[in-house]
Amino acid sequence: MMNMIKIAYYLFLYPVLAGCFAELLLRQPLKMRTRYWWEGVLWEFASLWGVLCLGKLVRWELAGVYGIYRVVSLAVTILAIGWIVKAGIQGGKQKRQKKETAPMERDWKAITAAVLLAFIFIGLIGLQISKNGTIQEKYNGDRMAIYINTILEDGNLRATNPMTGLPYYEGQAIVRYPVYTVFYALIGYLFPGNTLSLVYKIIPVWLLCLFYSMQYGIGLELLGGKKWKGLLYGIAVCVLNIFGAAKQWIWGSFLMLYPWTNDSIRVCIMIPAVIWLLVKFVAAVMRGAEHERAD
């Protein structure tokens, strides 16, 4: 039970806190946004890369890497919670002052449309989650489970060549694991004995939901910050993925057929992250600094 709580913390809670903290550092108003989750995941990967740069200090032992990473995550969590509480108190005072000066008007038609579209959007994501378990195919470049099992069995990132199962000889090139693989291994370290369940069940669902939270954020930026427009954009991407999953080298393929691979992280997470940053920059220039997103 405790291990599942830790996994939920690293996959969901910590990324949200890290993303929220990053926004507060940029002096953005405190409002819960879906983008905090995947912004925080990008922060997780970046911070883990920094920890891996210190890998020699702990002789690449997985327990040592996890120990440093846990300290970093704990520090960010404490700072984020403290900052959120402080910003929440200040925001509450400002909100009360606004209510006293001018009553808030709601566009109930837009709210109703957003709720209906949200149900459709979530339903299509749920369809892909269920479909994912029935149409997974063998991916020629899939070495994820081999890498993770090798790391977990050795307890070290540089002990055994995962391709041969033998220790490295002097002068032999060492396999350098991508940050995402090490992240999966850390999660597997907390989820002992269930590597296949982690790689083929938990990670695909997590990645699928993460991807669509990113697409929703991109849709909001592209379409003026309207929630119902962002949801329409997400629904369109869902439909394209459902009917495009049989094709190679498109998002639908990596999301629905082999979403556990390093390639899927690059195609489904890193590329959309770059797209979002570019869209965000262009939108800020075109709309001005006063534009506020609704994600």
Side-chain angles (χ1 to χ4, degrees), residues 11-12 15 33-35 37-39 41-42 45 110 112-145 178 180 184 196-280 282-283 293-295:
L11 291 182
F12 299 101
R33 310 292 196 187
T34 55
R35 68 174 184 271
W37 181 27
W38 55 267
E39 283 182 351
V41 169
L42 296 177
F45 290 157
T112 303
V115 171
L116 292 175
L117 290 172
F119 275 111
I120 295 173
F121 188 36
I122 294 172
L124 288 172
I125 295 173
L127 175 64
Q128 292 180 61
I129 289 174
S130 62
K131 194 175 180 182
N132 178 272
T134 59
I135 65 171
Q136 284 181 351
E137 297 177 358
K138 175 63 179 175
Y139 178 47
N140 293 331
D142 177 26
R143 298 188 180 93
M144 183 65 69
Y180 333 115
Y184 293 164
L196 292 179
S197 295
L198 170 72
V199 173
Y200 298 114
K201 293 181 180 179
I202 295 177
I203 293 299
V205 173
W206 172 74
L207 183 62
L208 193 74
C209 296
L210 186 68
F211 169 81
Y212 282 114
S213 73
M214 297 182 75
Q215 294 304 315
Y216 175 63
I218 292 174
L220 286 170
E221 285 290 358
L222 286 173
L223 303 172
K226 298 294 184 180
K227 287 185 178 180
W228 66 272
K229 291 182 179 180
L231 289 167
L232 276 177
Y233 177 87
I235 290 171
V237 175
C238 279
V239 172
L240 289 174
N241 282 338
I242 289 173
F243 289 99
K247 306 293 184 181
Q248 294 291 326
W249 285 102
I250 62 171
W251 283 336
S253 176
F254 284 103
L255 278 170
M256 300 182 67
L257 296 179
Y258 12 80
W260 57 87
T261 64
N262 284 318
D263 286 338
S264 68
I265 286 283
R266 297 187 187 100
V267 173
C268 301
I269 302 301
M270 292 307 174
I271 291 178
V274 172
I275 292 173
W276 182 81
L277 289 173
L278 292 174
V279 170
K280 181 180 177 182
V282 173
R293 295 181 302 276
D295 56 335

>> Could you measure the distance from the CG atom of Leu116 to the CH2 atom of Trp228? Nearest 0.5 Å is fine.
In response: 13.0 Å
> Sequence neighbours excluded, which residues qualify as ring-ring contact (aromatic ring centres under 6.0 Å, His included) partners of Tyr184?
Replying inline: none
> Are Gln128 and Phe211 side-chain neighbours, meaning at least one heavy-atom pair lies under 4.5 Å?
Replying inline: no
>> Test of understanding: with side-chain contact (heavy atoms from CB on, under 4.5 Å), list the residues that count as partners of Leu210, not counting sequence neighbours.
In response: Trp37, Trp38, Val41, Trp206, Ser213, Ile269
> Side-chain contact, heavy-atom cut-off 4.5 Å: Tyr216 with Lys227?
Replying inline: yes
>> Restricting to non-hydrogen atoms, name the atom on Pro178 and the atom on Asn262 that form the minimum distance, rounded to 0.1 Å.
In response: CG-ND2, 3.5 Å
> How far does CD of Glu221 sit from CH2 of Trp276, to the nearest 0.5 angstrom?
Replying inline: 6.5 Å
>> My understanding is that only residues two or more places apart in sequence, or in another chain, count here; which of them pass side-chain contact (heavy atoms from CB on, under 4.5 Å) with Ala118?
In response: Leu231
> Say you draw a straight line from CG of Leu117 to NZ of Lys229; how long is it, rounded to the nearest 0.5 Å?
Replying inline: 12.5 Å
> Going from CD1 on Ile122 to CG on Leu127, what distance comes out if it is rounded to the nearest 0.5 angstrom?
Replying inline: 14.0 Å
>> Give me the atom names and distance for the closest heavy-atom approach of Met214 to Cys268.
In response: SD-O, 4.3 Å
>> Suppose we screen for side-chain contact (heavy atoms from CB on, under 4.5 Å). Which residues come up paired with Thr261, at least two apart in sequence or across chains?
In response: Tyr139, Asp142, Phe254, Tyr258, Asp263, Ser264
>> With salt bridge (Lys or Arg N to Asp or Glu O under 4.0 Å) as the rule and sequence neighbours excluded, what pairs involving residues 112-122 come up?
In response: none
>> If I take atom CD1 from residue Ile125 and atom CD1 from residue Ile242, how far apart are they, to the nearest 0.5 angstrom?
In response: 10.0 Å
> Looking at residues at least two apart in the chain, or sitting in another chain, which of them share a side-chain contact (heavy atoms from CB on, under 4.5 Å) with Ile202?
Replying inline: Leu11, Phe191, Leu198
> Would Tyr180 and Arg266 count as a side-chain contact (heavy atoms from CB on, under 4.5 Å) if you check the C-alpha gap in whole Å, the side-chain angles of each, and the deciding distance to 0.1 Å?
Replying inline: CA-CA 9 Å; Tyr180 333 115; Arg266 297 187 187 100; 4.2 Å; yes
> Measuring from Leu255:CG to Tyr212:OH, what's the distance to the nearest 0.5 Å?
Replying inline: 6.0 Å
